[in-house]
Every structure is written in C-alpha cells, then in structure tokens.
Number of protein chains: 2
Amino acid sequence: MTEAWTIPQTIRWSIPDETRKSWDRKIPYYMRFRDHFAAMIETGALAPGTRLPPERALAEDFSITRVTVRQALTRLETEGLIFREERRGWFVSPPRVRYDPIANTGFTESITEQGRVAGTTVLSKQQVAASQWESTHLGCALGAPIYLISRLRSVDGRAVLVEQIHIKVARCPGLLDYPLDQSMTDLMADKYGIIEHRAQINMRPTALSEIPAKALGVTVGTPGLYLSRAILDQSDQVVEIDQEFWRHDAIDICVSAAGRHESESGD
Amino acid sequence: MTEAWTIPQTIRWSIPDETRKSWDRKIPYYMRFRDHFAAMIETGALAPGTRLPPERALAEDFSITRVTVRQALTRLETEGLIFREERRGWFVSPPRVRYDPIANTGFTESITEQGRVAGTTVLSKQQVAASQWESTHLGCALGAPIYLISRLRSVDGRAVLVEQIHIKVARCPGLLDYPLDQSMTDLMADKYGIIEHRAQINMRPTALSEIPAKALGVTVGTPGLYLSRAILDQSDQVVEIDQEFWRHDAIDICVSAAGRHESESGD
DNA sequence: CGGCGCGGCTGGTATATACCAACTCGATTC
DNA sequence: GAATCGAGTTGGTATATACCAGCCGCGCCG
C-alpha cells in the first residue's frame with residue numbers, strides 16, 4: 001500500500017514483449033493465488049495485521065491442495081507481504097520501518113520519529129569468556145571476560161529484531177548493573193566516557209536459525225537480515241560489537257551518502 | 001569456508017540449555033539433510049560452483065522423497081549456501097563479494113580490488129516517457145523524456161545483479177550514444193560535468209520477480225536484495241536513479257560510518 | 001473462582017505419484 | 001561443418017493423503 005511496496009511493480013523493464021507473452025501462457029495455480037492476495041494487500045483490502053484463513057480453508061476455497069497453498073504463502077512471505085507465527089497462522093505484514101544504520105539516531109528515536117512505538121526487552125545479560133570469534137573481533141585475548149547482552153526490539157508490539165551485544169568487561173566494568181533496556185551508546189558515553197568515533201557495519205540476507213527465530217516468534221528458516229556493527233572509539237579500538245537479526249519484511253534500510261569526490265573515479 | 005559464512009554459527013545465544021535440549025528431540029529429515037550439506041560446504045568439501053546431484057538421486061540416496069529434498073534445498077538457498085539455475089540444477093554458492101554502496105568506488109573497481117573479475121553487459125537502452133514513479137523520483141513532468149538503461153553485472157562470470165538506470169534526457173542529451181558498459185559516474189562527469197554530490201540509498205530484501213529473475217538466470221521468487229540509489233548533484237537535483245536487483249547470496253554489504261557526535265544521543 | 005487438562009484447530013513434516021517445460025547433448029541431416 | 005531434430009534428463013507444478021506438535025479455549029474439578 002505504501003510507496004515502498006509498489007516500487008517493484010512500477011518498474012518498467014526492457015523487453016515488454018516478453019512480459020506480454022507471459023500473459024498468454026498458462027499461469028500456475030500458486031501464482032494466481034499469490035497474485036490474488038498480493039493485489040488485496042497492495043490495494044489495502046487486507047489491512048496489516050489481518051490474519052489469513054487457515055491453510056486448509058484456503059485450499060478448499062481455491063480448489064487447490066494445501067501443498068500448493070503453502071507454496072504460494074511461502075512466496076508471499078519471501079516477498080515480505082505476509083509473515084507467519086509458528087503454528088498460529090499467517091498475517092499481513094505491517095509497513096516496513098525505515099532504518100538508517102549509520103545515522104546519529106538510535107533505534108527508539110528513529111522509530112518514534114516515524115510515528116510508531118518502539119519497545120526493548122532484555123532477554124539476557126551475562127559475563128562469559130571470549131570465544132575465538134569474540135577475541136578476534138573485539139581485539140582481546142581468548143577467554144578474556146566479556147559481557148554478553150541479548151535484547152529483543154519491537155515496533156508497535158511486533159518483535160522485529162533480536163540483537164546480541166559484546167563488550168569487553170575491562171572497558172566497561174559493572175555495565176550489567178545499569179538498566180540495559182535503553183541506549184547503549186548513551187550509557188557508555190555517560191558512565192564510561194566512551195564516544196563512538198567510527199562504526200563498521202555489515203549486512204546480508206540470511207535465514208533465521210533456531211534461536212533468533214524462536215525469540216522473534218517466527219518459524220526457523222524464514223528469511224532474515226543479518227546486520228553487525230563494530231563500534232570503534234577515538235583511538236580506533238573496538239569497544240562494542242552488535243549483532244542484529246531482523247525480520248526481513250520489517251526493515252527498509254535508508255542511508256544517505258556523501259558524494260564521490262571530483263578527483264576520484266567511479267565504477 | 002570464509003569467515004563470513006561462519007559468523008552465524010559462532011554466535012553464542014543466551015539460553016544454551018534450550019539449545020542442548022534441541023539435540024535430544026527428533027531432528028526432521030530435511031534438517032539432517034540440510035545440516036549434512038551445510039557442513040560439507042562450510043568445511044570446503046564442496047567447492048563453490050560445484051553442482052549437486054539431481055534431486056531424484058539425492059532423494060534416493062537419503063531415502064527421502066523429492067518433496068523433502070526440495071524443502072531442504074530451498075532452505076539452503078535461503079541461507080545463501082547454494083543457488084539454482086532454472087531447470088539446470090543446484091550449485092554451491094561462491095563467496096560473497098563485499099560491496100560498499102556509499103563508498104567512492106564503483107562496482108568494477110571494488111570487485112577487482114577483491115581479486116575477482118567484474119563484467120558488465122548492457123541489456124537495453126531506450127528513451128521513454130516518464131511514468132508516474134519516474135516523474136516523482138526524478139523530479140520532472142509526467143511524460144517527460146528519460147533514458148532507461150538496463151545492465152547486467154557479473155562477478156567471475158556469474159550474474160549477480162541487474163540494474164535499471166533512469167536519467168532525464170534534458171540533463172544528458174545524447175547519452176545513449178556513448179558506451180554504456182562502463183562507469184556511469186565517470187561518463188556523466190566527463191561528458192556532462194555532472195558531479196555526484198549526495199546519494200540516497202534504499203535497500204530491502206525481496207523476492208526476484210520474473211524479469212530480473214530471467215536476466216539473472218534464476219528461478220522467479222528466489223530471494224533477492226533490492227537496492228535503489230538516487231544521485232543528487234551539487235544543487236540537490238536528482239540526476240540519476242539506479243535500481244539494482246541483487247542475488248541475495250552474492251552480496252555482503254559493508255559500510256563504514258562516521259561516529260555519532262558527542263552532543264547527540266543514540267539508542 | 002482459579003487452575004488444570006483435554007480436545008480441537010493450526011501449521012509442520014513427510015510419503016508416493018504424476019505430468020509438464022526447459023535444457024542438454026548427441027545424432028541426423030542438409 | 002553448421003543447423004536441426006529429438007530423446008533423455010532436470011527441475012517445476014500439482015494432487016491426495018497422513019500423522020505430528022504446539023497453541024488455544026472450553027469445561028471440568030478442586
């Protein structure tokens with residue numbers, strides 16, 4: 001319904017003849033089913049959050065088997081139009097939230113600006129010994145003490161991401177005693193005088209594995225977006241690593257870039 | 001095999017007890033199948049580009065049905081470990097290419113730096129009348145003449161993205177007469193004196209629709225990443241809009257961010 | 001009135017089978 | 001030697017069916 005949804009549809013590709021031909025040939029059942037619901041969602045006939053009828057009912061109504069129904073539903077899920085909750089049903093996805101991973105605004109602030117309600121829950125906080133991966137990426141000895149904080153973040157009551165935060169104990173002693181359901185950036189600045197100077201961000205599509213899927217209340221293997229953020233201080237020391245697992249249909253990443261300089265070449 | 005692949009596996013989530021319990025309960029056939037191939041790929045026993053046996057052979061070897069095999073293969077595909085070519089077979093995915101959408105380097109340059117071979121093919125070039133979407137985003141009248149360029153870009157011979165470039169004819173007259181299989185940024189700077197000053201980038205996971213899927217040689221509905229880039233000049237005029245459709249398993253987005261400023265709050 | 005249990009509903013996993021459509025590659029033909 | 005044809009192979013779509021596992025609500029029981 002929002003502009004974001006319609007962008008892919010408004011694209012005009014090069015060979016319209018090809019497209020026209022495709023209308024002549026037989027369209028698979030699952031695709032007609034998909035098109036039907038995609039249209040209803042995009043026109044707003046099905047409001048976000050609406051629950052779809054049970055798979056068995058859909059199969060009967062459309063005179064196709066449940067297997068075919070599930071093929072179509074999975075497709076709509078991949079497209080981000082609907083989502084499912086394990087053994088509870090299929091629902092129309094809410095509009096995506098815009099998120100700028102490099103901006104000077106945090107999650108809560110950014111969501112609030114969009115007129116939506118952000119929520120944060122601390123799932124766990126503990127002190128552990130650095131694994132191989134952590135020692136490499138945090139720049140500490142293997143087995144050195146680190147804090148591990150796991151949080152669930154939601155928009156309008158729907159969980160959209162789980163994150164795991166890794167911080168060296170030596171750098172922020174006593175961190176776990178502070179309230180952790182708010183901005184880590186602010187906390188580290190206020191209590192430890194640590195200012196984020198630079199961040200290295202990685203993103204890639206993935207499938208949600210068991211633990212993050214369970215935390216988000218989704219079926220394992222559903223598409224997701226992995227986003228990691230390494231935060232460096234003024235002296236280029238890594239002070240925090242944040243690993244985020246997003247529902248793939250919840251996010252619209254928006255970044256603004258400074259332009260290429262005159263002297264440099266592109267491409 | 002690369003570090004990027006193993007990150008999700010090295011994550012240590014909060015409730016290891018839960019994880020332990022999961023080993024006791026029955027693991028579905030499709031998951032064991034998945035685990036088997038995921039392990040072979042991650043250890044390098046299956047090299048990138050390797051073709052998997054036909055689905056029917058896999059079904060027989062593992063004593064499961066082809067439906068179940070396909071469920072597992074689709075899962076591995078969502079995870080980015082394997083990909084398929086329409087009616088040709090399943091293959092092990094090559095390592096992802098790192099890509100910084102906001103850096104001062106173009107596609108070819110960036111790929112080359114990673115020791116890989118970039119390729120660009122112009123699929124089509126034409127002049128059309130601006131659609132509603134184009135007039136809105138390019139900032140021109142509806143029906144105004146615009147150039148539409150469609151290109152296919154590959155890494156090591158494998159198509160990784162299709163892009164569609166929209167440029168106002170008024171701004172770059174005669175553009176289509178220049179060679180278009182190279183840097184558009186350079187071309188616009190050299191021939192028209194247009195310097196990229198700022199870019200607005202949007203990204204989100206999606207499913208590849210028919211046209212981009214066909215161009216990439218993949219099955220429609222496979223996961224993809226949609227990336228659009230609006231390029232503004234010195235006077236904040238939109239001079240170019242680039243819409244890119246990536247194979248989701250080909251890309252590892254890396255961006256470097258300037259830190260949050262001292263006076264601002266994060267979250 | 002509150003907690004517990006059970007049954008029904010939902011999606012999750014799996015079998016067995018069939019036919020279709022596109023690609024491959026070798027053989028045949030011009 | 002190049003173009004064409006065709007058979008076989010591969011994935012794509014679809015039916016019909018069965019049982020399992022977790023969620024939910026109703027009703028029973030304390």
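So that the names make sense, note that chain A is the first sequence line, chain B the second, and so on, each numbered from 1.
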So, using ring pair (Phe, Tyr, Trp, His ring centres under 6.0 Å) as the criterion, who are the partners of [X] when residues are at least two apart?
X        : result
B/Tyr30  : none
A/Phe91  : A/Phe83
A/Tyr147 : none

Query raised in the report: Which of residues 49-57 of chain B have a heavy atom under 4.0 Å from DNA chain D?
Result: B/Arg51, B/Pro54, B/Glu55, B/Arg56
Whole-Å gap separating [atom2] ([N]) and [atom1] ([X]):
X       : N      : atom1 : atom2 : answer
B/Arg87 : D/dG8  : CZ    : C1'   : 15 Å
B/Phe33 : C/dG12 : CZ    : P     : 21 Å
A/Glu77 : C/dG12 : CD    : C1'   : 13 Å

Query - Under the side chain to side chain donor-acceptor pair (under 3.5 Å) test, residues paired with B/Thr219 that sit two or more places apart - result: B/Glu86
**Report entry** For B/Thr68, all residues meeting side chain to side chain donor-acceptor pair (under 3.5 Å), sequence neighbours excluded
**Finding:**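 B/Thr68 satisfies side chain to side chain donor-acceptor pair (under 3.5 Å) with B/Thr65 once adjacent residues are dropped.
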Query - Strand-adjacent residues in residues 63-72 of chain A, judged by heavy atoms under 4.0 Å from DNA chain C - result: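 Going residue by residue through residues 63-72 of chain A, the ones with a heavy atom under 4.0 Å of DNA chain C turn out to be A/Arg66, A/Arg70.
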Query raised in the report: With nearest nucleotides of DNA chain D determined for A/Tyr30 and A/Arg88 from heavy-atom distances, which residue corresponds to the more 5′ nucleotide?
Result: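 Checking each residue's closest nucleotide, the 5'-ward one belongs to A/Tyr30.
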N/O donor to acceptor pairs below 3.5 angstrom from side-chain atoms of residues 47-56 of chain B, sequence neighbours left out:
from, atom 1, to, atom 2, distance (Å)
B/Thr50, OG1, B/Ala47, N, 3.3
B/Thr50, OG1, B/Ala47, O, 2.5
B/Arg51, NH2, B/Arg88, O, 2.5
B/Glu55, OE1, B/Arg66, NE, 2.9
B/Glu55, OE1, B/Arg66, NH2, 3.2
B/Glu55, OE1, B/Arg70, NH1, 3.3
B/Glu55, OE2, B/Arg70, NH1, 2.9
B/Glu55, OE2, B/Trp90, NE1, 3.0

Query raised in the report: Step by step, would you call B/Arg151 with B/Asp242 a salt bridge (Lys or Arg N to Asp or Glu O under 4.0 Å)?
Result: CA-CA 10 Å; B/Arg151 304 196 296 186; B/Asp242 188 3; 5.8 Å; no
Report summary line: Residue set satisfying salt bridge (charged side-chain N to carboxylate O under 4.0 Å, His left out) with B/Arg116, at least two apart, ordered chain then number -> B/Asp156
